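For reference, the structure discussed in these notes is given below.
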Amino acid sequence: MNASKRKFTVLAAALMAASCLTVPAGAQAPAKVKVGLMLPYTGTYSALGTAIENGFRLYVQEQGGKLAGREIEYFKVDDESDPAKGSDNANKLVKRDQVDVLVGTVHSGVAMAMAKVAKDNKTLLIIPNAGADDVTGPLCAPNIFRSSFSNWQPAYAMGLVAATQLKHKTAVTLSWKYAAGDESTNGFKEGFESKGGKVVKQLNLPFPNVEFQALLTEIAALKPDAVYVFFAGGGAVKFVKDYAAAGLKDKIPLYGAGFLTDGTLEAQGAAADGLLTTLHYADGLTLPKDKAFRADYAKTYKLQPDVYAVQGYDAAQLLAAGLKAAGGDISKRDAVVKGMEQAKIDSPRGPFTMSKAHNPIQDIYLRKVENKTNQLVSVAVKALADPARGCRM
Ligand code: PHB
């Protein structure tokens, strides 16, 4: 044997010994957990989808790339926030890629299509944004969880604040005509009218249209005490600017679920100054967990996180809790579900637990836009649980 051949043989033997150390003979490496990210990467909600993915990956990265000892393998689909393509897109991940868990999405209509696919195939689903009341209502199921909010939650809180603290008597609501817009404006109406306010008109336009002029003219003519809107992403940027440009900002106070001003303030500029909104996240929280999360997010992505990043991060935390309870074996579904149901999530928003319908029970904050941040004003409603109407589980 010449020298180079001997060197090769020694190297090969060393490599074999090393591989025996990590994987005992006859044993398989633990299977990776296949995560199917179904999110909008194009359209008015594209920035939201990216922030959710960033947040999810950040938590996994903080755990050394593994959850409960399992490596994570990602599969991705751009859902375009298009409900008509929702079930085909979800089926790509479930049937073609055979993912263990679906994580998605932003748009309520798409999320409802995902929930149906998840139910039919008994696939685990974690919703990291879409507030569709139905998925933790009539469509609730043991395999469906949400790490974000229900559309009702921040909206109802804003209705209470508008009537009791801000003493408004009449309001007009405005949103895109789809589940999230309808449920958000109805949640506001429920809270506002329970304290003696009156919603005099509910206006809307098709998703994701941004031709607001005729509606702004109508609001000016109606002269309500207040306006409540649900808009998010690119549409929210345009609406806040148009409201100010129409000269309404100083005449009729504008409120919203906090999506109106989350992740949008750089683009909205001065048009957003002073706006009050309600949400399950805020700038200026003094929680150590939030401080650490923000520092890590900023370091990793060279960006400031927003509510969507938090929800993605917490979707990964929720999955980790389920996997941990099942000893890392995602096929032990009952144990995974139990672990997720009993999880106490140490979220940057503040700790939260899951309701019986699998939706976060969480504080809703009142925030005010100052210096391009959504500064915490107060806790609008403590530990608010969605009523989960129609959920039988
Ligand atoms: C929704 O469709 O449920 C939705 C979309 C964007 C948001 C919040 C809710 O920011």
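Order of appearance sets the numbers: ligands from 1, and atoms from 1 within every ligand. Here the structure is a predicted model, which means the values were calculated and not measured. In this chain, numbering begins with 1 at the start of the sequence shown.
Cluster annotation: Tyr308 and Val35 are assigned to the same hydrophobic cluster (Ile/Leu/Val/Met/Phe/Trp/Tyr, side-chain heavy-atom contacts under 4.5 Å, transitive).
The single protein non-hydrogen atom nearest to atom 3 (O) of ligand 1 is Ser108 OG, 2.6 Å, given as residue, atom name and distance. The nearest protein atom to atom 10 (O) of ligand 1, hydrogens excluded, is given as Tyr308 OH, 2.8 Å; this is a heavy-atom distance. With respect to atom 8 (C) of ligand 1, the closest heavy atom belonging to the protein is Asn129 ND2, 3.5 Å. At the top of the distance list for atom 4 (C) of ligand 1, counting protein heavy atoms only, stands Val106 O, 3.4 Å. Among all protein heavy atoms, the one lying closest to atom 2 (O) of ligand 1 is Tyr178 OH, 2.5 Å.
Listed by number with element, the atoms of ligand 1 under 4.0 Å from a non-hydrogen atom of Gly131 are 3 (O). Near Ala232, meaning under 4.0 Å from one of its heavy atoms, ligand 1 places the atoms 6 (C), 7 (C), 10 (O). Within ligand 1, counting atoms from 1 as listed, the ones closer than 4.0 Å to a heavy atom of His107 are 2 (O). Residue-ligand proximity, Ala180 to ligand 1, at heavy-atom distances under 4.0 Å covers atoms 1 (C), 2 (O), 3 (O). The ligand atoms of ligand 1 that sit less than 4.0 angstrom from a heavy atom of Ala130 are 3 (O).
Side chain to side chain, Gln202 and Asn186 meet the donor-acceptor criterion of an N or O pair below 3.5 Å. Inspection of the His107 and Glu80 side chains reveals no N or O donor paired with an N or O acceptor under 3.5 Å. Between the side chains of Lys95 and Asn91, at least one donor N or O sits under 3.5 Å from an acceptor N or O. Side-chain polar atoms of Asn359 and Gln153 form a donor-acceptor pair below 3.5 angstrom.
Contact annotation: Val110 has no heavy atom less than 4.0 Å from any atom of ligand 1.
Counting heavy atoms closer than 4.0 Å to ligand 1, residue Phe230 contributes side-chain atoms (C-beta onward) but none from N, CA, C or O. When non-hydrogen atoms are compared, ligand 1 lies under 4.0 Å from the side chain of Phe149 (C-beta onward) but not from its backbone.
The shortest non-hydrogen separation linking Ala179 to Ser108 is CB-CB, 4.0 Å.
For Lys238 and Phe212, the positive end is not near the middle of the six-membered ring at less than 6.0 Å and at most 45° from its axis.
For the salt bridge (Lys or Arg N to Asp or Glu O under 4.0 Å) test, no residue two or more places apart in sequence or in another chain qualifies with Glu211.
Put simply, the residue from Asp363, Leu279, Ile364, Asp314 that forms a side chain to side chain contact (heavy atoms under 4.5 Å, CB included) with Arg349 is Asp314.
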